[in-house]
Amino acid sequence: MAKAKDRARIDRYDPAEIEPRWQARWEADQLYSARVDQARPKFYFLTMLPYTSGDLHIGHWFAMGPSDARARYLRMRGFNVTFPIGFDAFGLPAENAAIERGIHPKDWTYRNVENMRRQLRTMGAMWDWEREAISADPAYYRWTQWFFLKMFENGLAYKKMAPVDWCPKDNTTLAREQVIGEERVCERCKTPVIKKDLEQWFFRITQYADELLRFDDIDWPESVRVLQTNWIGRSQGANVRFRTEAGDPIEVFTTRPDTLWGATFMVLAPEHPLVQSLTTPEQAAAVEAYVQQTLRQSDIQREAADKEKTGVFTGGYAVNPVNEERIPVWIADYVLLSYGTGAIMAVPAHDQRDFEFARRFGLEVRPVIRPEGTEALDGAAMREAVPSYGAMVNSGPLSGTTADRAVARTTEYLEQRGVGEAAVGYRLRDWLISRQRYWGAPIPIVYCPEHGQVPVPEDQLPVLLPDDVEWRPTGESPLKLHPTWRHTTCPICNKPAERDTDTMDTFMCSSWYHLRYLSPRNAEAPFDPEEYDYWMPVDTYTGGIEHATMHLIYTRFFHKALRDMGITEGNEPMLQLRNQGQILGPDGQRMSKSRGNVIDPDEQVSSYGADVVRAYLMFGYRWAEGGPWSDDNIQGVVRWLHRVWSLALETAGQERASDPAGERALRRHVHRIIRQATNDLEAFEFNTVISGLMELTNALAEARSSGLAGSPEFRKAVEVLLLLMAPATPHVAEELWARLGKPYSIHQQSWPTFDPAALAEDEIILVVQVNGKVRDRISVPADVDRAEAERQALASETVRKHLGGKTPRQVVYVPGKLVNIVVSSTPGSGA
RNA sequence: GCCGAAGUGGCGGAACUGGCAGACGCGCGCGACUCAAAAUCGCGUUCCUUCGGGAGUGUGGGUUCGAGUCCCACCUUCGGCACCA
C-alpha cells in the first residue's frame with residue numbers, strides 16, 4: 001500500500017521536485033560555463049541586461065526565456081555559446097525608491113540584485129554566472145569613467161550649455177517622467193516646470209552620424225534600421241548667412257535653397273541668442289512673455305504640426321543676402337534651438353508650417369517655384385503650401401532655372417558670393433551625458449582655477465561615489481552638497497580644485513557592458529583582449545524594440561569611437577538583433593507597480609513550474625509582439641507536459657515487432673517537426689516551435705493507440721521529442737532523458753538532424769478550384785504531370801456540376817498545389 | 001504631431017516566395033470512465049443556411065485565374081520621441 005502510493009507520487013510530473021534538483025546539478029557541474037576554446041566555433045548570445053528595479057516581472061521571462069531556448073539550441077548545434085547576465089544598477093528609480101522608503105540607493109539596489117538573482121535562477125536558464133557584471137560596482141564604473149576619459153582625450157567629450165527641465169521651487173533638475181501632464185508640473189510639488197540652462201557634458205555622436213546610417217554589416221530588423229535612420233535624420237541642403245540690420249550674422253540651414261527668393265520673414269527659436277538684440281523696445285514685453293511661455297513646453301509640444309501656430313514679432317529685421325531685401329524677424333516655438341541653427345528662413349509659399357504661420361499673422365506669401373505643368377501660383381489665393389520642386393520664378397538672376405538644377409545652382413550662387421555653402425544637417429543631436437544626480441558614476445573631471453578641465457589620472461580611478469551623502473531632494477546636486485567630496489587637488493599643479501559633481505547617464509554604463517561580461521573581474525583593463533578576440537562581436541542580441549533609437553544607437557557609437565581609438569575591432573558590436581514585444585498587464589496596460597498590474601513570475605513558477613511558464617510564454621504570444629498577460633491558455637501547456645511525461649515513461653519498457661507502414665508515417669512526422677522546430681528557432685518564431693512539439697506529441701499518442709508503442713521508430717521518436725524539447729523545457733527534458741536511461745546531460749547532446757528523404761510521400765492532395773473557389777480535392781501521385789492533373793480535375797463530379805456545361809476558358813496549374821478552372825471572366829458568376 | 005509596428009473565430013494565435021483561411025492550444029458542447037465530482041480520454045466547435053450553398057482575415061477601393069498576403073486611401077490599438085531604463 002505504502003509502496004504503491006510512493007510510486008504514484010514519483011511517477012507524476014512534479015516540477016517542484018525536479019526543477020531545483022537539476023538546477024543544482026547543472027550549476028555544480030558548471031554545465032553552462034563557456035570558456036575560450038579555439039577549437040570550437042563561438043557564439044556570443046546577449047540579451048539586454050535587466051534594470052535593478054526590484055522584482056522581475058513576467059516580461060523579463062518573456063524576453064529571456066525564449067532567448068535562453070535559442071541559446072540552448074545553438075549549443076546543441078555545436079557552438080561554444082556564452083549567455084551572460086548582469087545588472088544595470090545605476091539610475092533614477094534607485095533614488096526615487098530611496099526617497100520613498102528612507103533606504104540608501106545602494107542598499108536598495110543591491111538588495112534588489114540579490115532578489116533578482118534568486119528569481120533568475122528559477123528560470124533554469126543557461127546563464128554563465130561567472131561573467132556577471134553590475135554597473136554600480138566600483139570595479140565596473142571605474143571603467144565607465146575610464147571610457148569617459150578616453151572620449152575626453154580623443155576630443156569626443158565637450159561641455160556646453162544645454163537646457164534641463166527645472167523645478168523652480170525644489171530648485172532641482174527633473175527627469176521627463178518627473179514632469180507631469182500637459183501642464184508640465186513637478187511631480188512632487190506641482191510647481192510649473194521651466195527650462196534652465198546648465199553647462200553639461202556631451203559626446204560627439206554627430207561625428208559618427210553618417211557611419212551610423214550604414215547597416216551593411218549587420219542583420220538588424222528593418223523597423224529598427226528605419227527608426228535609427230529617421231532619428232539621425234540626415235538632410236542635404238545649404239547654410240545661408242542672413243544678417244541683422246546691425247550686421248550680426250543669422251545663419252540658417254535649409255533643404256530648399258532654391259526657394260531663397262521666397263523668404264518673406266525669418267523665425268528664430270525663442271531661446272536664440274540674437275533675440276534680445278533684435279527686439280525693439282515696443283515689442284520687448286510681448287517677446288519676453290512669449291519666451292517665458294515657450295520655456296514651459298516640451299519639444300514634442302512645440303513641434304506638433306497640428307496645433308495652431310503662435311509667435312511674436314521681435315520688431316527687428318534681417319537682410320536676405322541674395323537680394324538685400326529687408327524681412328521681419330519673428331520668434332516662434334516651432335523652431336527649436338537644438339535643431340539646425342535655431343533659426344529658419346520662412347518661405348510660406350513652399351513650406352506648410354511657414355504657410356500656416358504667415359496666414360495666421362498676415363505675412364506675405366510669395367511663390368518662387370513653378371512646378372511642372374502647373375499655372376503660376378498666386379500667393380494671395382493659395383490655400384496651402386506647394387512643397388514640390390519646379391522651375392525657379394521671381395528669383396532674380398536665377399529665374400528660369402529648371403527643377404533639376406535649381407538646388408545646385410542656388411548653392412553655387414551662394415558659394416560664389418560668399419554668403420552660404422552646401423551643408424548636411426542632422427536631426428541627431430550630440431549625446432548629453434551629464435546628470436545632476438547621485439546614483440550614477442561620477443564624471444572623472446577636476447576643475448582647477450589655473451588649468452581648467454583636468455581629467456582624473458587613470459591610476460586614481462575609480463572616483464568613488466561617497467556613501468554618506470544626502471540623497472533626499474534638497475535643491476542641490478547631492479554630490480555638490482557633500483561637505484568634503486568635491487574638494488580635491490589639481491592633478492597637474494596640486495593646488496585646490498573641485499570635482500565635477502554630476503554623474504553620467506546610465507546609457508553610458510549599458511553602452512559597453514557586453515565587453516565587461518568578457519572578463520568582469522579584470523582589474524587591469526575593461527576587458528581581456530584574448531576574450532575579446534574570441535567572443536566578439538556579439539552574434540545575437542535580443543531585447544525590446546523600445547531601445548531602438550537610444551541604447552542601440554549609443555552602443556553602436558561607443559563601439560565605433562573605441563574602434564577609432566584602437567580599443568575595439570570591427571565596425572559593429574552586435575551582428576544580429578531581434579526584438580521581442582512587451583507583455584502588458586492583464587488590463588492591457590504597461591505593467592507598473594503604481595497600476596498594480598504586475599505579474600510576478602515567482603507565483604507562476606510556484607503554481608506551474610518553470611518549464612510550463614517558459615513554454616507558455618513561447619507558445620501563447622508572438623515573440624515580436626507580446627500582448628496582455630493572461631493565464632487562460634496555460635492549462636494547455638500543463639496538460640501537454642503531463643502527456644509527454646506519461647507517454648515517455650509508460651511506453652519505456654515496451655517491445656514490439658516492427659510495422660513498416662505505421663513506422664514510416666511516424667518517421668515522416670518526426671522529420672517534419674525536426675525541420676519545423678529548427679527553422680522556427682532560427683527565425684525566433686517560438687510559438688510554432690511549441691505547437692510543433694505538441695503535434696509530435698499528438699502523433700505519438702496516436703501511434704501508441706494504434707499499437708506502435710515500443711517499436712524502434714516509436715522509441716526513436718520519443719528521444720527526438722525530448723531533444724527538441726530540451727531548449728524550451730530544459731528540466732522535464734533532462735528528467736525524462738535520465739529516466740529513459742540516456743547519458744547525462746540531454747543538454748550536451750546534438751540537435752536532431754532532419755532527413756529530407758524521410759518526408760517523401762507517394763500521394764499528394766491537389767486542390768481543385770472553379771473560378772478561384774475550392775470545389776474539390778483529389779489525390780494524385782506525387783509526380784503527376786499537368787495533363788493528368790487537369791484530366792482528373794475535370795473528371796471530378798462536383799467540378800463538373802460547377803462548370804455547368806461551360807467550356808474552360810483557362811486552366812491554371814500549380815504543381816503540387818492546385819488546379820484552377822476558369823470559365824467566366826466575372827468572378828463568382830460561374831457558380 | 002512625427003517616426004515605427006500591429007489589426008484573422010468567443011480567446012491566444014497559425015498560414016513558407018500570392019494558391020485548401022483558422023494549424024496548435026484555451027474556452028464551450030456532447031460522449032466515455034465515476035455513486036458523484038475533479039482529473040483523464042474520445043468526438044465536435046468561424047458565421048449564416050431553405051443543407052443546394054452563401055459570407056468571411058479592421059474599413060473602403062484596386063491589381064490578379066486566384067489576395068490574410070501586393071497597391072491606394074482611411075480607422076483603431078501599441079512602442080519611441082533624446083533626464084524612465
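Every value quoted in this text rests on a predicted model; they were computed, and no experiment measured them. Chain letters run A, B, ... following the sequence lines, proteins first and then strands; every chain starts at 1.
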- Considering only heavy atoms from C-beta outward, does the side chain of A/Leu92 approach that of A/Glu177 to under 4.5 Å?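 Sidechains of A/Glu177 and A/Leu92: in contact.
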Between A/Val224 and A/Leu577, is any pair of side-chain heavy atoms under 4.5 Å apart?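 The answer is yes, as the side chains (C-beta and beyond) meet within the 4.5 Å cut-off.
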Can you list the stems that RNA chain B is part of, where a stem is at least 3 pairs in a row, each Watson-Crick or G-U, with both distances below 3.5 Å?
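Correct response: B:1-7 with B:75-81, B:10-12 with B:24-26, B:27-32 with B:40-45, B:46-48 with B:53-55, B:58-62 with B:70-74.
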Assigned glycosidic conformation for B/G29 [threshold 90° from 0]
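Anti, angle beyond 90° from zero.
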What is the nucleic acid contact for [X], judged by heavy atoms within less than 4.0 Å: base, sugar-phosphate only, or nothing?
{"X": "A/Thr506", "value": "sugar-phosphate"}
{"X": "A/Asn679", "value": "nothing"}
{"X": "A/Ile765", "value": "nothing"}

To the nearest Å, how far apart are A/Asn771 CG and B/G66 C1'?
->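 In whole Å, B/G66 C1' and A/Asn771 CG are 10 Å from each other.
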Distance in angstrom units between A/Asn633 CG and B/G25 P, rounded: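 It is 12 Å, rounded to the nearest whole Å.
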Return yes if the base of [N] and the side-chain atoms of [X] contain a donor-acceptor N/O pair under 3.5 Å, otherwise no.
{"X": "A/Arg176", "N": "B/C84", "answer": "no"}
{"X": "A/Gln635", "N": "B/G25", "answer": "no"}
{"X": "A/Asp632", "N": "B/G27", "answer": "no"}
{"X": "A/Gln200", "N": "B/C83", "answer": "yes"}
{"X": "A/Gln178", "N": "B/C84", "answer": "no"}
{"X": "A/Asn820", "N": "B/C65", "answer": "yes"}
{"X": "A/Arg590", "N": "B/C78", "answer": "no"}

Distance test, side-chain N/O of [X] to OP1/OP2 of [N], below 4.0 Å:
{"X": "A/Arg622", "N": "B/A14", "result": "yes"}
{"X": "A/Arg639", "N": "B/C26", "result": "yes"}
{"X": "A/Arg777", "N": "B/C20", "result": "no"}
{"X": "A/Arg643", "N": "B/A39", "result": "no"}
{"X": "A/Asn698", "N": "B/G25", "result": "yes"}

Aromatic A/Trp645 / basic A/Arg12 pairing, under 6.0 angstrom, 45° off normal: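 No; the conditions do not both hold, so A/Arg12 does not lie above the ring face of A/Trp645.
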Charged tip of A/Arg204 within 45° of A/Trp431 ring normal and under 6.0 Å:
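Judged by the rule, A/Arg204 and A/Trp431 form no cation-pi pair.
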Of all the choices, [options], which nucleotide is nearest to the side chain of [X] once you look at every atom?
{"X": "A/Leu227", "options": "B/A21, B/A14, B/G79", "answer": "B/G79"}
{"X": "A/Arg427", "options": "B/A82, B/G80, B/C3", "answer": "B/A82"}
{"X": "A/Trp231", "options": "B/C83, B/G12, B/C81", "answer": "B/C81"}
{"X": "A/Lys773", "options": "B/G13, B/A55, B/G19", "answer": "B/A55"}
{"X": "A/Val774", "options": "B/G13, B/A21, B/G4", "answer": "B/A21"}

If you assign A/Val812 and A/Arg435 each to the RNA chain B nucleotide with the nearest heavy atom, which residue ends up on the more 5' nucleotide?
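On the 5' side of the pair lies A/Val812.
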For nucleotides B/G31 and B/U77, find the distance between their C1' atoms and express it as a whole number of Å.
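Their C1' atoms lie roughly 42 Å apart.
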Q: List the atom of A/Ala615, the atom of A/Thr729, and the distance in Å for their closest heavy-atom pair.
A: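 Here A/Ala615 and A/Thr729 meet closest at CB-CG2, 3.8 Å.
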Practice problem: Check A/Tyr51 against A/Ala94 and note the closest heavy-atom contact, atom names and distance. | Solution: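 Of all heavy-atom pairs spanning A/Tyr51 and A/Ala94, the closest is OH-N, 3.5 Å.
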Do the ring centers of A/Phe62 and A/Trp629 come within less than 6.0 Å of each other?
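They do not qualify: ring centres at least 6.0 Å apart.
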Is A/Glu702 atom CD crowded by more than 12 heavy atoms from other residues, nucleotides or ligands, each under 6.0 Å away?
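No.
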